[in-house]
Enquirer: 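Sharing a structure below in structure tokens format, with a few things to ask.
All values derive from a computational prediction rather than experimental measurement.
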Amino acid sequence: MNTDVIVVGAGPTGLLLAGDLATAGARVTVLEKRPAGLSNLTRAFAVHARSLEVLDARGLADELLPKGQPVRSLQLFQRLTINLADLPSRFQYVLIAPQYEVERLLRRRAEEAGAVFRHDTEVTGLTQDAESATVTTADGSSLRAAYVVGTDGARSAVRGAVGIPFPGRAVIRSMVLADVKLARKPGELLTVSAENDSLGFLAPFGDGWYRFIGWHGNRDVSEDEPVDLDEVRSIARATLKDDFGMHDPRFLSRFHADERQAPTYRKGRVLLAGDAAHVHSPAGGLGMNTGLQDAANLGWKLAAALRLPDDGARAAVLDSYEAERHPVGKQVLRASGGILRVATLPGPLFAVVRRSVIGVVSHVAPIRRRAALTVSALGVAYGSPRGAHPLVGTRARDLPLEGGSRLAEALRAGRFVLVAPAGAPDLPGALGEVDPAERVVTRRADGGATALLVRPDGYVAAAMAQ
């Protein structure tokens, strides 16, 4: 074989996956149809708490933080505040940072670990058999690997080549997107509003540029219809009550938002992650974050499958990726779609409904907390076997460890971490059949009496009270 894994698509999902696989010792080749160095300005800018934890477990979060601006509460529709300052995480905020900064760090890590990148390479075909998968490209060349992962977006060539459907529909049309400079700064760092049958969203990149996403319910035109700055300003005034002196746009576009999800994330030796597996509206800023967490879940499992000699064991570990992440993708579609529908239902009757929903959420603390955990993805948990310890399948807290380190730092080895209580004997084999060579052993420094076996993606695989 030419390589162990072919990753198609060099966005955040593909970059994190390539870095994890290469760090685990796999040979990885990343294929990207864009030329090297081309930045796509239409991409994401919100990095939620769970994604920051994922980056922290790879030694990248602290380097990203100075490139963005933390937002500790979300102001939605000028009436609803979702407080993030109480999140059970080191990162009690959403970081507003441009996607290209996330990609820069992830790419550097992947390259340093040995991943190979091929740009200007468009995938045109894919075949597979019992032993391998072969990708063909537009220049007539081919590449053979044990596995192929499509992280190539909503129009995934990988998904299409293996015949996985992508059911769903467009939920909102003729949204406008603009990157602009402002003459006047808004009062809130993150501004969202729905007024006059229109929707407006404004956020800073942190470098003097702002991203505006807007929609006017009475204007449904083709995506090919040009967008000018006057239209952007008009929607901003209708929703945010001010256009803030928008000027010097560097990017103007029109798009529609789909809600789609592949019914399966795996077909033989081909897997899907990120937007290739699920897409939804931009409401909540969940797209890039969900893709990063897909990659964190898949990377260690795919690395394990490359080492396992038994077909049944390989299938079981890869099937667990879909079993855990497909329900999360469905939940994200519902959450994002719910926000969008509350924001865009037209007419005075629905405005009353919107105010009522916002009023209920604003005054019920458990609902506000649940909303914060959903948006941040800190509330994501996976299933566990009957009779398992209650912590199994949940996200492990970033525990303080002996020597002044943290669990996130121990996870940077890319292996399982066995966390024993202080003073307890070592527990070889007591928390699952993990090869001692594939785990790090350390001790808690918080006084806790529960031993934990933490997976490489930061979720609890096993737990035992001492």
Enquirer: Do Glu322 and Thr264 have side-chain atoms, one donor and one acceptor, less than 3.5 Å apart?
Expert: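 Looking only at side-chain atoms, Thr264 and Glu322 do form a donor-acceptor pair, the distance falling under 3.5 Å.
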Enquirer: Once rounded to the nearest 0.5 Å, what's the spacing between atom CD of Gln99 and atom CG of Leu106?
Expert: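 Those atoms lie 9.5 Å apart.
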Enquirer: Under 3.5 Å, is there a donor-acceptor pair between the side chain of Asp275 and the main chain of Ala154?
Expert: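 No.
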Enquirer: I need the Glu101 CD to Leu95 CG distance, nearest 0.5 Å.
Expert: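 Between Glu101 CD and Leu95 CG, I get 10.5 Å after rounding to 0.5 Å.
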Enquirer: Which heavy atom in Ser376 sits nearest to a heavy atom in Leu87, and how many Å separate them?
Expert: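 That would be OG-CD2, 3.8 Å.
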Enquirer: CG/Leu202 to NZ/Lys185 distance, rounded to the nearest 0.5 angstrom?
Expert: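 Output value for this atom pair is 12.0 Å.
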Enquirer: So if I apply the side-chain contact (heavy atoms from CB on, under 4.5 Å) rule between Thr29 and each of Val8, Leu143, Asp4, which one comes out positive?
Expert: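 Exactly one option meets the side-chain contact (heavy atoms from CB on, under 4.5 Å) with Thr29, and it is Leu143.
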Enquirer: Under 4.5 Å between any side-chain heavy atoms of Leu399 and Val454, yes or no?
Expert: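 Not in contact.
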Enquirer: For Ser320 and Lys301, does a side-chain donor sit closer than 3.5 Å to a side-chain acceptor?
Expert: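 A pair is found: one side chain offers a donor N or O, the other an acceptor, under 3.5 Å apart.
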Enquirer: When you measure from the side chain of Thr394 to the backbone N and O of Val392, does any donor-acceptor pair fall under 3.5 Å?
Expert: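 No; zero donor-acceptor contacts below 3.5 Å.
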Enquirer: Are more than 12 heavy atoms from other residues, nucleotides or ligands located less than 6.0 Å from atom CZ of Arg260?
Expert: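 Counting neighbours around CZ of Arg260, more than 12 heavy atoms of other residues, nucleotides or ligands fall under 6.0 Å, so yes.
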Enquirer: With a 4.5 Å cut-off on side-chain heavy atoms, are His280 and Asp258 touching?
Expert: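 No. Closest side-chain heavy atoms not under 4.5 Å.
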Enquirer: Evaluate the side-chain proximity of Pro204 to Trp209: yes if any heavy-atom separation is below 4.5 Å, no if none is.
Expert: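 A side-chain contact under 4.5 Å is absent here.
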Enquirer: Indicate the atoms forming the closest heavy-atom contact of Ala335 with Thr374, along with that distance.
Expert: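 Closest approach of Ala335 to Thr374: CB-CG2, 4.1 Å.
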Enquirer: Indicate the ring-plane relationship of Phe91 and Tyr93, choosing parallel, tilted or perpendicular according to the 30° and 60° boundaries.
Expert: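 Perpendicular.
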Enquirer: When you measure from the side chain of Thr151 to the backbone of Gly9, do you find a donor-acceptor pair of N or O atoms at a distance under 3.5 Å?
Expert: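 Checked: pair present.
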Enquirer: Just do the side chain to side chain contact (heavy atoms under 4.5 Å, CB included) check on Leu84 and Val71 with the steps written out, would you?
Expert: CA-CA 8 Å; Leu84 305 178; Val71 176; 5.6 Å; no
Enquirer: Shortest non-hydrogen contact from Ser51 to Gln293?
Expert: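 So the two residues come closest at OG-NE2, 2.9 Å.
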Enquirer: For Tyr210 and Phe244, what are the C-alpha separation, side-chain angles and deciding distance, and is it a side chain to side chain contact (heavy atoms under 4.5 Å, CB included)?
Expert: CA-CA 11 Å; Tyr210 282 75; Phe244 304 103; over 6 Å; no
Enquirer: Compare every heavy atom of Leu21 with every heavy atom of Gly299, then report the nearest pair and how far apart it is.
Expert: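 Looks like O-CD2, 3.5 Å.
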Enquirer: Are any side-chain N or O atoms of His389 and backbone N or O atoms of Leu391, one a donor and one an acceptor, separated by less than 3.5 Å?
Expert: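 Between the backbone of Leu391 and the side chain of His389 there is a qualifying donor-acceptor contact (under 3.5 Å).
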Enquirer: Taking the side chain as C-beta and beyond, is there a heavy-atom pair between Val102 and Met288 under 4.5 Å?
Expert: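 With C-beta onward as the side chain, the pair touches.
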Enquirer: For Pro88 and Leu378, which heavy atoms make the closest approach, and how far apart are they?
Expert: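 Where Pro88 meets Leu378 most closely, the heavy atoms are CD-CD1, 4.0 Å.
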Enquirer: Going by heavy atoms in the side chains, are Val148 and Leu271 under 4.5 Å from each other?
Expert: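 In short, these two side chains do not touch, never coming nearer than 4.5 Å.
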Enquirer: Between Asp56 and Arg90, is there a salt bridge with N-O shorter than 4.0 Å?
Expert: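 Looking at Arg90 and Asp56, the cut-off is met.
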Enquirer: I'd like to know if the side chain of Arg144 pairs up with that of Ser132 as donor and acceptor (distance under 3.5 Å, no hydrogens or angles considered).
Expert: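 Yes, because at least one side-chain N or O of Arg144 sits under 3.5 Å from a partner of the opposite role on Ser132.
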Enquirer: Is the shortest heavy-atom distance from the side chain of Glu231 to the side chain of Val176 under 4.5 Å?
Expert: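 Side chain of Glu231 against side chain of Val176, heavy atoms only: contact under 4.5 Å found.
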Enquirer: Identify the heavy atoms of Leu333 and Val279 that sit nearest to each other, and give their distance.
Expert: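 Closest pair (atom of Leu333, atom of Val279, distance): CD1-O, 3.7 Å.
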Enquirer: For Phe117, is the NZ or CZ atom of Arg107 found under 6.0 angstrom from the centre of its six-membered ring and inside 45 degrees of the ring axis?
Expert: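 So Arg107 does make the cation-pi contact.
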Enquirer: Do Phe212 and Phe201 have their ring centres less than 6.0 Å from each other?
Expert: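 Between Phe201 and Phe212, which both carry aromatic rings, the centre distance is not below 6.0 Å.
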Enquirer: Indicate whether any N or O donor in one side chain lies under 3.5 Å from an N or O acceptor in the other, for Glu53 and Ser89.
Expert: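 Yes, side-chain donor-acceptor contact under 3.5 Å.
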Enquirer: Test the Arg269-Tyr147 pair against the cation-pi criterion, namely NZ or CZ under 6.0 angstrom from the six-membered ring centroid and within 45° of the ring axis.
Expert: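 Yes, Arg269 and Tyr147 form such a contact.
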Enquirer: Do Glu63 and Arg104 have side-chain heavy atoms sitting under 4.5 Å apart?
Expert: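 The answer is yes; the side chains approach within 4.5 Å.
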Enquirer: Salt bridge or not between Lys181 and Asp248? Use side-chain N to carboxylate O under 4.0 Å.
Expert: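 No salt bridge links Lys181 with Asp248.
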Enquirer: Could you check whether Glu111 pairs with Arg108 (Lys NZ or Arg NE/NH1/NH2 to Asp/Glu carboxylate O, under 4.0 Å)?
Expert: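 Arg108 and Glu111: not salt-bridged.
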Enquirer: Just verifying a value: how many Å separate Met175 CE and Trp215 CH2, rounded to the nearest 0.5 Å?
Expert: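 Answer for the CE-CH2 pair, Met175 versus Trp215, is 8.5 Å.
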Enquirer: Decide whether Ser142 and Thr136 meet the rule of one side-chain donor and one side-chain acceptor closer than 3.5 Å.
Expert: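 Short answer, no.
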Enquirer: How many angstroms lie between atom CZ of Arg118 and atom CD1 of Ile6, to the nearest 0.5 angstrom?
Expert: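 These two atoms lie 8.5 Å from each other.
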Enquirer: Roughly how far apart are Thr442 OG1 and Arg406 CZ, rounded to 0.5 Å?
Expert: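 If we round to the nearest 0.5 Å, Thr442:OG1 and Arg406:CZ are 13.0 Å apart.
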Enquirer: Between Tyr382 and Arg455, does the side chain to side chain contact (heavy atoms under 4.5 Å, CB included) criterion hold? Intermediate values first, please.
Expert: CA-CA 12 Å; Tyr382 303 132; Arg455 306 182 336 184; 3.5 Å; yes
Enquirer: Just say parallel, tilted or perpendicular for the rings of Tyr265 and His278, cut-offs at 30° and 60°.
Expert: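 The rings of Tyr265 and His278 sit tilted, inter-plane angle from 30° to 60°.
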Enquirer: Main chain of Ala133, side chain of Gln128: is a donor-acceptor contact present, judged purely on distance under 3.5 Å?
Expert: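 No, Gln128 side chain to Ala133 backbone: no donor-acceptor pair under 3.5 Å.
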Enquirer: Between the side chains of Glu324 and Asn297, does any donor sit under 3.5 Å from an acceptor?
Expert: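 Checked: Glu324/Asn297 side chains pair up, N/O donor to acceptor below 3.5 Å.
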Enquirer: For Ser156 and Gly150, indicate whether the former's side chain and the latter's backbone hold a donor-acceptor pair under 3.5 Å.
Expert: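 Absent.
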Enquirer: So, does Asp179 use its side chain to make a donor-acceptor pair with the main chain of Arg211 at under 3.5 Å?
Expert: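 Side chain of Asp179 to backbone of Arg211, a donor-acceptor pair under 3.5 Å: no, none is there.
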Enquirer: Does Val149 form a side chain to side chain contact (heavy atoms under 4.5 Å, CB included) with Val158? I'd like the steps, not just the answer.
Expert: CA-CA 8 Å; Val149 184; Val158 171; over 6 Å; no
Enquirer: Using atom types as modelled and distance alone, determine if a side-chain donor or acceptor of Tyr321 lies under 3.5 Å from a backbone N or O of Leu272.
Expert: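 Indeed, once roles are kept as given, a pair shorter than 3.5 Å links the two residues.
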Enquirer: Could you tell me whether the side chains of Ser174 and Arg254 share a donor-acceptor contact shorter than 3.5 Å?
Expert: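 Yes, because at least one side-chain N or O of Ser174 sits under 3.5 Å from a partner of the opposite role on Arg254.
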Enquirer: Taking NZ, NE, NH1 and NH2 as the nitrogens, is one of them in Arg58 or Asp20 under 4.0 Å from a carboxylate oxygen of the other?
Expert: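 Salt bridge between Arg58 and Asp20, a charged N being under 4.0 Å from a carboxylate O: yes.
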Enquirer: Can you tell if the side chain of His326 reaches within under 4.5 Å of the side chain of Arg266, non-hydrogen atoms only?
Expert: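 No; the side chains remain at least 4.5 Å from each other.
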Enquirer: Sub-3.5 Å donor-acceptor pair from the side chain of Arg415 to the main-chain atoms of Val440, do we have one?
Expert: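 No, because the side chain of Arg415 does not come within donor-acceptor range (under 3.5 Å) of the backbone of Val440.
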Enquirer: Does Ser336 use its side chain to pair, donor to acceptor, with the backbone of Ser281 at less than 3.5 Å?
Expert: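 Pair found, side chain donor or acceptor close to backbone of Ser281.
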Enquirer: Taking atom types as modelled, find out whether Thr137 and Glu122 have a side-chain donor-acceptor pair closer than 3.5 angstrom.
Expert: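 Side chains of Thr137 and Glu122: no pair found under 3.5 Å.
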